[in-house]
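Comments concern the structure below.
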Amino acid sequence: MKKFNNVTVLDHPLINHKIAILRSIDTHTKDFRELVEEITVLLTYEAFKDVPTQEVEVQTPLEKCKQKMVAENSIAIVPVLRAGLGMVSGVHTLFPTAKVGHIGMYRDEQTLIPQEYYCKLPDGIDKKRAIVLDPMLATGGSAIAAIDLLKNKGCKDIRQMSIIAAPEGVEKLAKAHPDVKIYVAVLDRCLNENGYILPGLGDAGDRLFGTK
Ligand code: PRP
Ligand code: URA
């Protein structure tokens, strides 16, 4: 895949270890859900290296010191339903009070074109750093549509976080939204004829919620 300045592929041994278990057909809903959450914590750690901080004074048992703390209310978490829901708790681990907006989107099975069916975003979303969550970035259509929607609401600082991505989708998204930073845990080989990522993990929504 061509190199894009706005794309970070983590490809980290500790994350890759968890992704191996996540991919396996023998990993069932409870473990799958926990792994998605754990991987998301690690992705968030990387994606928010530049989060704004403010200096506060802290009294330790020994003396007073200055320490930087995160300006937490600057973040909005935006999962794309359904599968993005599985990543919310992972981001909340690091930003416990971040507000959550939901974008409902499903791919038409024939055309693979995303269909929006729900949108509820926190007040003041246009002033927040929005982090769009979806474990799977396949054709890129859903991510592009979700980000279009956020931009139409006035959002200026948007990041996309996915666990598994196909090169086709990353390229399409990186070109469509060059200002959006894209963080993916691992880059897979390609899409199959049905728009599924290979080797991938199957249908993330079904595996998270036990629907198939
Ligand atoms: C899956 C996945 C993404 C989308 C990715 O959702 O969770 O939202 O497909 O594909 P794309 O990059 O080609 O758009 P799906 O449409 O299966 O809906 P679901 O999560 O409700 O099952
Ligand atoms: N959505 C999924 O859940 N899995 C894929 O491989 C592609 C889209």
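Side-chain atoms are counted along with the backbone in the values below, which use heavy atoms only and exclude waters and symmetry mates. One-based numbering, in listed order, for ligands and for the atoms of each. One is the number of the first residue; the rest follow in order along the sequence.
Looking only at atom types and distance, the side chain of D206 has a donor-acceptor partner in the side chain of T211 under 3.5 Å away. No hydrogens or angles considered: a donor-acceptor pair under 3.5 Å links the side chains of D11 and N16.
In this structure, the protein non-hydrogen atom closest to atom 15 (P) of ligand 1 is R107 N, 4.2 Å. For atom 14 (O) of ligand 1, the closest non-hydrogen atom of the protein is S142 OG, 2.6 Å. Summary of contacts: the protein heavy atom closest to atom 17 (O) of ligand 1 is D203 OD2, 4.0 Å. Distance from atom 20 (O) of ligand 1 to its nearest protein heavy atom, with residue and atom name: R82 N, 3.1 Å. Taking atom 13 (O) of ligand 1 as the reference point, the nearest protein heavy-atom neighbour is T139 OG1, 2.5 Å.
For A138, a nitrogen or oxygen atom sits less than 3.5 Å from a nitrogen or oxygen atom of ligand 1, counting backbone and side chain alike.
For K172, there are no salt bridge (Lys or Arg N to Asp or Glu O under 4.0 Å) partners at least two apart in sequence or on another chain.
Of all heavy-atom pairs between G101 and P79, the closest is O-CD, 2.8 Å. Residues R23 and G200 approach most closely at NH1-O, 3.1 Å, considering heavy atoms.
Heavy-atom distances between D134 and ligand 1 reach below 4.0 Å in at least one pair.
Protein heavy atoms are absent from the 4.0 Å sphere centred on atom 1 (C) of ligand 1. Checking atom 6 (O) of ligand 1 against the protein gives no heavy-atom contact under 4.0 Å.
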Under 3.5 Å, sequence neighbours excluded: what are the donor-acceptor pairs made by side chains of residues 136-149?
residue : atom : partner : partner atom : Å
T139    : OG1  : G141    : N            : 3.1
D148    : OD1  : H177    : NE2          : 3.0

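Per-residue contacts place G140 under 4.0 angstrom from the following atoms of ligand 1 (heavy atoms of the residue considered): 11 (P), 12 (O), 13 (O). In summary, the atoms of ligand 1 found under 4.0 Å from a heavy atom of Y106, numbered by their order in the structure, are 16 (O). Every atom of ligand 1 with a heavy atom of G141 under 4.0 Å away is listed here by number and element: 12 (O), 14 (O). Proximity to M136 (heavy-atom distance under 4.0 Å) selects the following atoms of ligand 1: 3 (C), 5 (C).
Using a distance-only test at 3.5 Å, with no hydrogens or angles considered, no donor-acceptor pair links the side chain of N194 to the main chain of Y196.
Sorted pairs that involve residues 115-126 and meet side-chain hydrogen bond (donor to acceptor under 3.5 Å, both in side chains), not counting sequence neighbours, are lacking altogether.
L150 is listed as a side-chain neighbour of I125, based on a closest heavy-atom distance under 4.5 Å. No side-chain heavy atom of Q160 sits under 4.5 Å from any side-chain heavy atom of V184. Counting only heavy atoms from C-beta outward, the side chains of V51 and F95 approach each other to under 4.5 Å.
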D179 vs K156, side chain to side chain contact (heavy atoms under 4.5 Å, CB included): CA-CA, chis, key distance, verdict
CA-CA 9 Å; D179 56 313; K156 285 159 221 63; over 6 Å; no

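Within 4.0 Å of ligand 2, the residues that place a heavy atom are R107, M136, A138, G195, Y196, I197, G202, D203, A204, listed by chain and number.
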